[in-house]
A.B. asks: 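There's a structure below that I have some questions on.
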2 protein chains.
Amino acid sequence: MLAKSTEYAIRALVYVQLKNWEGKRPGVVEIAREIEAPEAFSAKILQTLTRHQLLDSAKGRGGGFFFNDEQTELSLYKIIHVMEGDGCFHRCGFGLKSCNNENPCPLHEQYKVVRDSFYDIVRKETIQSLSEKIKKGEAVLKRSIT
Amino acid sequence: MLAKSTEYAIRALVYVQLKNWEGKRPGVVEIAREIEAPEAFSAKILQTLTRHQLLDSAKGRGGGFFFNDEQTELSLYKIIHVMEGDGCFHRCGFGLKSCNNENPCPLHEQYKVVRDSFYDIVRKETIQSLSEKIKKGEAVLKRSIT
DNA sequence: TTATAAAAGGACAGCAGGGTCCTTTTATGA
DNA sequence: TCATAAAAGGACCCTGCTGTCCTTTTATAA
Ligand code: FES
Ligand code: FES
């Protein structure tokens, strides 16, 4: 469904948010370890996120990644958009060049429903809402026990 | 969502079904042209489908592709399974190594719903049900007008 | 002011999916 | 029986996503 890099991005951002709530600014090495993603690749992804200003970073000793205080809610949609574009929310599930209500493919009616549901989820859910669940112990960031 | 090759496969099979209903057995060249897919690649895909017996073929002059009369309904699920496996119906949308009700990721509850809806669709819809819609003029196999 | 810790950035390596091409096999009808 | 039409199959190429490595920049603490 989502690209690997997008999944890493979301997990990384959730970890950063959790740490920020503890008053800490994690670095690449720590983040990569905790979200179980390759270190160098995580660095690339975090770079992309900061370049697009979904995240802030501080260089030098004592630096790390953190959320700007102004940006309180970061939707999954924004992350997906930056990491892989939003084509998957518009494309035809049957592979036609465009998705079109007037000239539908035979999957259109059914497919549209699930595509739109997924769209609603990623518009509504945010790094903060996901992090809340983990903080409350309702969900996990990684599988402790297989 | 689906791999390109899976989309080609579904479109190809729908075209074969429509032609079969007219008493004809289309060949690779014709199929590829009509579903707007690369010829050589379509050949590979049709080969895969016949090897897994989702489709029959006849070699030699006057040959082509057709459905065995015994097999009256072919679900999209079976095609997906053959073309790319069914991992996407089980995987965690958040990227965890497994999807697990007891130890859910923060997206689990919402994601499961859309994943299962899609699963239901591809279990229920068949090459025949899709072809019916096209035959009745309720849907199209390719975009005639942009 | 200097050693050090950290992110940023560029170059490149590996691999799977998508796609092509050419040869071989098989059947038909002239 | 033989030329031809068609699918089957194998070898290969290309691109984009995944991932690594090494250098450069920047900030801090000693
Ligand atoms: S036309 Fe195919 S999903 Fe809308
Ligand atoms: S655990 Fe992530 S979707 Fe089920």
Side-chain angles (χ1 to χ4, degrees), chain A residues 1-13 15-16 19-20 24-33 35-68 80 82-85 87-88 91 95, chain B residues 1-13 15-16 19-20 24-33 35-68 80 82-85 87-88 91 95:
Chain A
M1 199 81 160
L2 294 175
K4 265 263 201 56
S5 46
T6 309
E7 291 177 352
Y8 292 155
I10 297 174
R11 295 219 300 282
L13 291 169
Y15 183 75
V16 169
K19 278 297 177 181
N20 279 186
K24 290 173 189 160
R25 295 179 168 185
V28 174
V29 178
E30 176 185 350
I31 295 172
R33 181 183 6 103
I35 67 172
E36 299 182 309
E39 198 175 300
F41 196 43
S42 302
K44 266 292 134 62
I45 289 166
L46 288 162
Q47 224 174 282
T48 304
L49 294 170
T50 57
R51 197 170 350 105
H52 287 86
Q53 305 180 315
L54 302 190
L55 186 67
D56 267 324
S57 69
K59 281 189 180 182
R61 184 173 277 203
F65 294 91
F66 59 96
F67 287 99
N68 186 322
I80 294 169
V82 158
M83 295 301 298
E84 57 180 290
C88 74
R91 260 197 295 273
Chain B
M1 201 82 161
L2 294 176
K4 265 270 201 47
S5 46
T6 310
E7 291 177 353
Y8 290 155
I10 296 174
R11 295 218 302 279
L13 290 169
Y15 183 75
V16 170
K19 278 298 177 179
N20 280 185
K24 290 173 190 161
R25 297 179 167 186
V28 173
V29 178
E30 176 184 351
I31 294 171
R33 182 184 5 105
I35 67 172
E36 300 182 309
E39 198 175 301
F41 196 43
S42 302
K44 266 291 135 62
I45 289 166
L46 288 162
Q47 225 174 280
T48 304
L49 294 170
T50 57
R51 196 170 349 104
H52 288 85
Q53 304 180 318
L54 302 189
L55 187 67
D56 267 325
S57 69
K59 281 188 180 183
R61 183 175 279 204
F65 294 91
F66 59 97
F67 287 100
N68 186 322
I80 294 169
V82 159
M83 295 301 296
E84 56 181 291
C88 74
R91 259 195 296 274

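Naming convention: chains lettered A, B, ... in sequence-line order (proteins, then strands); numbering from 1 in each chain.
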A.B. asks: Specify the closest pair of heavy atoms between B:Ala58 and B:Arg25, including all atoms of both residues, with the distance to one decimal.
C.D. replies: CB-NH1, 4.0 Å
A.B. asks: To the nearest Å, give me how far apart CZ (B:Arg61) and P (D:dA3) are.
C.D. replies: 12 Å
A.B. asks: Using a cut-off of 4.0 Å on non-hydrogen atoms, how would the nucleic acid contact of A:Ala58 be classed: base, sugar-phosphate, or nothing?
C.D. replies: sugar-phosphate
A.B. asks: Rounded to whole angstroms, how far apart are CD on B:Glu30 and P on D:dA6?
C.D. replies: 10 Å
A.B. asks: Between C:dA8, C:dT20, D:dA7, which one does the side chain of A:Ser57 approach most closely?
C.D. replies: C:dA8
A.B. asks: What is the distance, to the nearest angstrom, from the CG atom on A:Asp56 to the P atom on D:dT26?
C.D. replies: 17 Å
A.B. asks: Look at all strands and tell whether B:Val28 reaches a base, only sugar-phosphate, or nothing, counting heavy atoms closer than 4.0 Å.
C.D. replies: sugar-phosphate
A.B. asks: Once you round it to whole Å, what is the distance between P of C:dG9 and NE2 of A:His52?
C.D. replies: 12 Å
A.B. asks: Using the side-chain heavy atoms of B:Lys59, tell me which of these nucleotides is nearest: C:dA8, C:dT25, D:dG9.
C.D. replies: C:dT25
A.B. asks: For the atom pair CE (A:Met83) and OH (A:Tyr8), what is the distance rounded to the nearest 0.5 Å?
C.D. replies: 11.0 Å
A.B. asks: Nearest to the B:Gln47 side chain among C:dT25, D:dG9, C:dA8, which nucleotide is it?
C.D. replies: D:dG9
A.B. asks: Search all heavy atoms of A:Met1 against all heavy atoms of A:Glu84 and return the closest pair with its distance.
C.D. replies: O-OE1, 4.5 Å
A.B. asks: Take atom CG of B:Leu49 and atom P of D:dA8, then tell me their distance rounded to the nearest Å.
C.D. replies: 10 Å
A.B. asks: For B:Gly60 and for A:Ala40, find the nucleotide of DNA chain D with the closest heavy atom, then tell me which residue's nucleotide is more 5'.
C.D. replies: B:Gly60
A.B. asks: Of B:Leu2 and A:Ala43, whose closest DNA chain C nucleotide lies nearer the 5' terminus?
C.D. replies: A:Ala43
A.B. asks: Take the protein atom CG of A:Leu46 and the nucleotide atom P of C:dG9, then report the distance between them rounded to whole Å.
C.D. replies: 13 Å
A.B. asks: Would you indicate, yes or no, if D:dA7 has its OP1 or OP2 atom less than 4.0 angstrom from a side-chain nitrogen or oxygen of B:Thr50?
C.D. replies: no
A.B. asks: Let me know the distance between CD of A:Glu39 and C1' of C:dA5, rounded to the nearest Å.
C.D. replies: 14 Å
A.B. asks: Given B:Ile31, which partner from the list B:Val29, B:Ile35, B:Val28 fulfils the side chain to side chain contact (heavy atoms under 4.5 Å, CB included) test?
C.D. replies: B:Ile35
A.B. asks: Quick one: pull up CD in A:Glu7 and CZ in B:Arg91 and give me the separation to the nearest 0.5 Å.
C.D. replies: 8.5 Å
A.B. asks: Is A:Lys4 side chain donor-acceptor paired with the D:dG19 base, going by distance under 3.5 Å alone?
C.D. replies: no
A.B. asks: Distance check needed: C:dA7 P versus A:Phe41 CZ, whole Å only.
C.D. replies: 18 Å
A.B. asks: Under 4.0 Å: is that the gap between some side-chain N or O of B:Ser5 and OP1 or OP2 of C:dG18?
C.D. replies: yes
A.B. asks: From C:dG19, D:dT20, D:dA11, pick the nucleotide closest to the side chain of B:Lys44?
C.D. replies: D:dA11
A.B. asks: Check whether any side-chain N or O of B:Tyr8 sits under 4.0 Å from OP1 or OP2 of C:dG18, and answer yes or no.
C.D. replies: no
